S.K.: 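Quick one: the structure is below, questions incoming.
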Amino acid sequence: MNNRLKKFREALSKMDLDAAIISGRANTFYLSGFTGDTSFMLVGMDKVWLIVDFRFTIQAKEEAAKGIEIVEYKESFAQTINELLSQNKIEKVGVEGDKLTLTEYENFKEKLTKAKVLKNIGNILERIRMVKEEDEIERLQQAVLIGDRIFDHIIKFIKPGMKEYEIAAEMEYQMKKLGAKGPSFDTIVAGGPRSAMCHGTASDYAIKKGDALVLDFGVIYRNYCSDMTRTIFIGEPNDQLKKIYNIVRETQQTALDSLKSGMSGFDADKIARDIISEAGYGRNFGHSLGHGVGIEIHEEPRLSMKSKDILANGMVFSVEPGIYVEGLGGVRIEDMVVLVDNRPRNLTTSTKDMIII
Ligand SMILES: [Mn+2]
């Protein structure tokens, strides 16, 4: 935690702030190790407080990193934070504009009478979180490994006639059996024409011969997320689906082979987008190539047409091109990679050969 706090404090200093109030759950966990909710953190230049309510006091004492002072709030969070500001002569305070509700912000403005400045720190913690530490990469690898094991299992389990939700239920049961906390997002099992919906969460559709089946899922393991997608076929697919599969597979491989540190998220996305466009499916690839994965399922950096992020060693992100044709179906293939020594190392090991059940 010390290294994280150091980076964060440097960023606060640059913004001419004495402290910041952290309200985002992922950020609170990142800086303290505390996994509970309804808490606030006050990060000063030499002290850190975790302010919780009675329900979380014991948990906070157990989980919070050494050196963090646990404070149980009295009348209200704002009043307790204001007392801490007063006792420690903190006047210039940052807040997370993306995380606070308007009501919380108005309340802080009114009740934090000791704060002369209340300034939005934006996403500076999210920027720090982009580059993962060794321990984080290890957890992410473990989470990905559970995903690979679930894929191994589910391709043996799936039979024509099964409903999407039966498949999703089996996957989520296996997640917990393998020690994960649960899914990192609503498990996507989308068969036949439904596979053309990029985020087709499992429905009562029964899969049948000739269907493409998109399986997009992830787990939360020791507070870190995984994310992977494979598209399989129920019986022999038609020629167009086969063609689409091969384009997506080649695109994904080319993107993986071309990625390197120093490249922009825009350029990474463009490599994939150009190949798919040249194949005549540009309009059918309507989402971005990838996103960072960590404590949250979707985080920075972004690999997209709008991205200004520069990829760097230690970043972990997905590479997931797709082609979706309304009425026919869709294909998406997604791996998670980490940049090490300027090159991507694939965390996902499940096969990308065409699987026909
Ligand atoms: Mn993803």
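In listed order, ligands and their atoms are each counted from 1. Quick caveat, the model's predicted, so the values are computed rather than measured.
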S.K.: Taking the Mn ion (ligand 1) as the center, what protein N, O or S atoms are found at less than 2.8 Å?
M.R.: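 D227 OD2, H291 NE2, E320 OE2, E334 OE2, with waters left out.
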S.K.: Any pair with a residue in residues 275-285 that passes salt bridge (Lys or Arg N to Asp or Glu O under 4.0 Å), sequence neighbours left out, goes on the list, sorted by first then second residue, please.
M.R.: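 Sorted pair list comes back empty.
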S.K.: State, to 0.1 Å, how close R194 and T201 come at their nearest heavy-atom pair, and which atoms those are.
M.R.: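 Closest heavy-atom pair between R194 and T201: NH2-O, 3.1 Å.
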S.K.: Within the side chain of E96, is there an N or O that forms a donor-acceptor pair under 3.5 Å with the backbone of I121?
M.R.: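 Looks like no, no N/O pair under 3.5 Å.
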S.K.: Show, in sequence, the C-alpha distance, side-chain angles and deciding distance for H153 and E170, and conclude whether the side chain to side chain donor-acceptor pair (under 3.5 Å) test is met.
M.R.: CA-CA 9 Å; H153 169 78; E170 178 66 18; 2.7 Å; yes
S.K.: Distance-only check: which donor-acceptor pairs under 3.5 Å involve side-chain atoms of residues 213-222, not counting sequence neighbours?
M.R.:
residue, atom, partner, partner atom, Å
D216, OD1, T229, OG1, 3.1
D216, OD2, T229, OG1, 3.4
D216, OD2, R332, NH2, 2.9

S.K.: Could you identify which residues cluster with I51, counting Ile, Leu, Val, Met, Phe, Trp and Tyr as linked when any side-chain heavy atoms lie under 4.5 Å apart, either directly or through a chain of such contacts?
M.R.: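 Reading the cluster by chain and number, I51 sits alongside I21, F40, L42, W49, V71, Y73, F77, I81, L84, L85, I90, V93, V95, L100, Y105, F108, L112, L118.
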